[in-house]
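The block underneath contains the structure these notes are about, expressed in structure tokens.
In this chain, residues are counted from 1 in sequence order.
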Amino acid sequence: MHTTEHGWITTPITADILRGALDLERTAHGLLPHRLPAWARTQYTDGQLAMAEAQPSGVRLAFRTRATAVELDTLPTKRVYAGAPPRPDGVYDLLIDGRLTAQSTVAGGNTLAIDLATGAAESHPGPAGTLRFADLPGGVKDVEIWLPHNETTELVALRTDAPVEPVPDRGRRVWLHHGSSISHGSDAASPTAVWPALAASLGGVELINLGLGGSALLDPFTARTMRDTPADLISVKIGINLVNADLMRLRAFTPAVHGFLDTIREGHPTTPLLVVSPILCPIHEDTPGPASFDFGALSAGKLRFLATGDPAERAAGKLTLGVIRDELSRIVKQRAADDPHLHYLDGRDLYGEADAAELPLPDELHPDAATHRRIGERFATLAFAADGPFADHGA
């Protein structure tokens, strides 16, 4: 801790005031939170996953302080897609004693220019920026700054006008969740409005979000990461990325699901484990992948996706969301005979046909902000209810 001549106290950013990250990488500028550990990051060469796991969905600074002003220097990396509408700056959410109090953004930073047609990416360096929250209420309070869920964020410096200390353990259960870009946050309004963050708040639990955009692919290193991460509650949302990547056939899918669950159970033999099938996605309900950008829509400035597979290919083992739901339900029922802590949730109970009629997926694949809220509220109702798989029985 260091005090400047203007009364600002600079506090080193360390793991004890950072939640939701599984690794911290020291960079030339500061610290880069990661949601996969370093050893796992050596086991793939996929640029999409590298970008996704370094975007800090669910990662937040958490400290107790009397400070009335907080400054955070960060170096964001913003994505620019050629031909697509510009993306807004990532949002930082400030919570005081658990309540959303303010929001802000950081301008500038690095940019990553991506060509959707070829997948080529080009990096351009930029300056760090400063986030400032002032006129906070006096007195001791718990402060959380949730980092943008969709923008890589290097943490450079934390300054306050009063000392900070880690938030004491409040005895909350830890919920470890893995899923696709929908769990990562897709088009949610802000980091605390991502559906798992909202559900965690409603359920009174601490979230570790392993929602990895485009990368919920039953990767063994993800299962081992979950095996080795302390948690009181675990959920895995499986399906949409396997279909839109056209990654495997049914013959490979079934043992891969068993292997993923087996690995988690090696570290969490009796932890409540909830398998969640895909929410409704009309383009992939009965049509296999791969998914593709609709370049006609893109030329008109709108981002949309298409399913390019042939429904007749289901007979050869190609996966659709309908096929995956049936198989996940069967697998969980089979395993639950010997694993009473294993549960299944049909994703259409979170977002189904009536919801799609009212709140259609804007790009045919990802929910909007209102739909994130609906999914989060429904998950909390179903999972954390007194008779739900994540019910708190005082253990």
- Are any non-hydrogen side-chain atoms of E353 and L280 less than 4.5 angstrom apart? yes

- Query: Are a donor atom and an acceptor atom from the side chains of N150 and Q55 found within less than 3.5 Å of each other?
  - Reply: no

- Of the non-hydrogen atoms in K141 and L136, which two are nearest, and what is the gap between them? CE-CB, 4.1 Å

- Measure from the ring center of W195 to the ring center of H184 and say whether it is less than 6.0 Å. no

- Message: Quick check: closest heavy atoms across S186 and H149, and the distance to 0.1 Å?
- Response: O-NE2, 3.9 Å

- Item | Pair R172 + D232, salt bridge at N-O below 4.0 Å | no

- In sequence, state the C-alpha distance, the side-chain angles, and the governing distance for N241 and S180, and then conclude on side chain to side chain donor-acceptor pair (under 3.5 Å). CA-CA 7 Å; N241 288 161; S180 68; 4.6 Å; no

- Message: Between D16 and R19, does any NZ, NE, NH1 or NH2 come within less than 4.0 Å of an OD or OE carboxylate oxygen?
- Response: no

- Query: Does one hydrophobic cluster hold both L345 and I264, with members joined at side-chain heavy-atom distances below 4.5 Å?
  - Reply: no

- Note on the structure: Between P389 and L382, the two heavy atoms sitting closest are CD-O, 3.7 Å

- Task: Look at R99 together with D142 and state whether they make a salt bridge at an N to O cut-off of under 4.0 Å.
- Result: no

- Query: Do the non-hydrogen side-chain atoms of L158 and V70 ever get within less than 4.5 Å of each other?
  - Reply: yes

- Message: Do I240 and L321 make a side-chain contact, defined as non-hydrogen atoms from C-beta onward lying under 4.5 Å apart?
- Response: yes

- Query: Just by modelled atom types, is the T229 backbone N or O under 3.5 Å from a matching donor or acceptor in the H268 side chain?
  - Reply: yes

- Message: Taking L18 as the starting point, is it possible to reach I96 by hopping between hydrophobic residues whose side chains are less than 4.5 Å apart?
- Response: yes

- Query: Below 4.0 angstrom, N of the basic side chain to O of the carboxylate: do E53 and R35 qualify?
  - Reply: no

- Query: Between S190 and Y92, does a side chain to side chain donor-acceptor pair (under 3.5 Å) hold up when you go through it step by step?
  - Reply: CA-CA 7 Å; S190 76; Y92 296 73; over 6 Å; no

- Decide side-chain contact (heavy atoms from CB on, under 4.5 Å) for I331 and H258; before the verdict, give the C-alpha distance in whole Å, the side-chain angles of both, and the deciding distance to 0.1 Å. CA-CA 8 Å; I331 289 170; H258 279 292; 3.7 Å; yes

- Query: Does R373 CZ have over 12 foreign heavy atoms under 6.0 Å away?
  - Reply: no

- Item | Heavy-atom donor-acceptor pair, H177 side chain to P196 backbone, under 3.5 Å | no

- Message: Looking at Q48 and G213, would you say the former's side chain and the latter's main chain have a donor-acceptor pair under 3.5 Å?
- Response: yes

- Message: Go through it in stages, so that I can follow the logic: the residues are L36 and D23, the test is side-chain contact (heavy atoms from CB on, under 4.5 Å), and I'd like the CA-CA distance, side-chain angles, deciding distance and then a yes or no.
- Response: CA-CA 7 Å; L36 286 176; D23 189 29; over 6 Å; no

- Task: Give the minimum heavy-atom separation between P288 and R314, together with the two atoms involved.
- Result: CG-CG, 4.4 Å

- Same apolar cluster: L95 and L155, side chain cutoff 4.5 Å: no

- Message: Would H366 and S181 count as a side chain to side chain donor-acceptor pair (under 3.5 Å) here? Give the steps.
- Response: CA-CA 8 Å; H366 301 100; S181 59; 3.0 Å; yes

- Message: Could you check whether T192 and D93, counting side-chain N and O atoms only, form a donor-acceptor pair closer than 3.5 Å?
- Response: yes

- Query: Below 4.0 angstrom, N of the basic side chain to O of the carboxylate: do E206 and R170 qualify?
  - Reply: yes

- Query: Nearest 0.5 Å, what's the CG-CG distance between D363 and D294?
  - Reply: 11.0 Å

- Message: Can you confirm whether the side chains of D161 and T68 place a donor and an acceptor under 3.5 Å from each other?
- Response: yes

- Ring centre gap for F390 and H343 strictly below 6.0 Å: no

- Item | Identified side-chain hydrogen bond (donor to acceptor under 3.5 Å, both in side chains) counterpart of K78 within the set D89, N110, T111, T152 | D89

- Query: Do W175 and I375 sit in the same hydrophobic cluster, where Ile, Leu, Val, Met, Phe, Trp and Tyr count as joined when their side-chain heavy atoms come under 4.5 Å apart?
  - Reply: yes

- Message: Under a 3.5 Å distance rule, please check whether D355 uses its side chain to pair with a backbone N or O of G352 as donor and acceptor.
- Response: yes

- Validation row: L72, V156 side chains within 4.5 angstrom (heavy atoms): no

- Between the side chains of T371 and Y351, is a donor N or O closer than 3.5 angstrom to an acceptor N or O? no

- Is the closest side-chain heavy-atom distance between D346 and R325 below 4.5 Å? yes

- List the steps and the verdict of side-chain contact (heavy atoms from CB on, under 4.5 Å) for K318 and D310. CA-CA 9 Å; K318 269 208 171 188; D310 181 351; over 6 Å; no

- How many angstroms lie between atom CG of D115 and atom CD of E122, to the nearest 0.5 angstrom? 10.5 Å

- Task: Please test D286 against T320 for side chain to side chain donor-acceptor pair (under 3.5 Å), starting from the C-alpha separation and ending with a verdict.
- Result: CA-CA 5 Å; D286 301 302; T320 66; 5.2 Å; no

- Going hydrophobic residue to hydrophobic residue with side-chain gaps under 4.5 angstrom, can you get from L350 over to L207? yes

- Picking from L210, L274, L273, L176, what satisfies side chain to side chain contact (heavy atoms under 4.5 Å, CB included) with S235? L274

- Is any side-chain heavy atom of S104 less than 4.5 Å from a side-chain heavy atom of F133? yes

- Task: To the nearest 0.5 Å, tell me how far L319 CG sits from I324 CD1.
- Result: 4.5 Å

- What are the two closest heavy atoms between I238 and P278, and how far apart are they? O-CD, 3.3 Å

- Min side-chain heavy-atom separation P148-V91 under 4.5 Å: no

- Message: Less than 4.5 Å apart, side chain to side chain, heavy atoms only: is that true for H178 and K237?
- Response: no

- Message: I'd like to know if R66 and E165 make a salt bridge, using a cut-off of under 4.0 Å between side-chain N and carboxylate O.
- Response: no

- Query: What closest approach, in Å, do P163 and T65 show between heavy atoms, and which atom pair accounts for it?
  - Reply: O-OG1, 2.8 Å

- Message: Less than 4.0 angstrom from a charged side-chain N to a carboxylate O is my criterion; do R26 and E154 meet it?
- Response: no

- Given R249 and D246, is the salt bridge (charged side-chain N to carboxylate O under 4.0 Å, His left out) satisfied, shown in steps? CA-CA 8 Å; R249 302 295 179 263; D246 192 26; 3.0 Å; yes

- Report yes if the distance between the aromatic ring centroids of W39 and Y44 is under 6.0 Å, otherwise no. no

- Message: Working note: F384 + L202, criterion side-chain contact (heavy atoms from CB on, under 4.5 Å); need CA distance, chi angles, decisive distance, verdict.
- Response: CA-CA 9 Å; F384 294 103; L202 294 172; over 6 Å; no

- Query: With sequence neighbours excluded, what pairs up with D339 under the side chain to side chain donor-acceptor pair (under 3.5 Å) test?
  - Reply: R265

- Salt-bridge test for R335 and D262: reply yes if a basic N is under 4.0 Å from a carboxylate O, no otherwise. yes

- Main-chain N/O of G58 paired with R60 side-chain donor or acceptor, under 3.5 Å: yes

- Message: Pairing donors with acceptors under 3.5 angstrom, does anything connect the side chains of E327 and T254?
- Response: yes

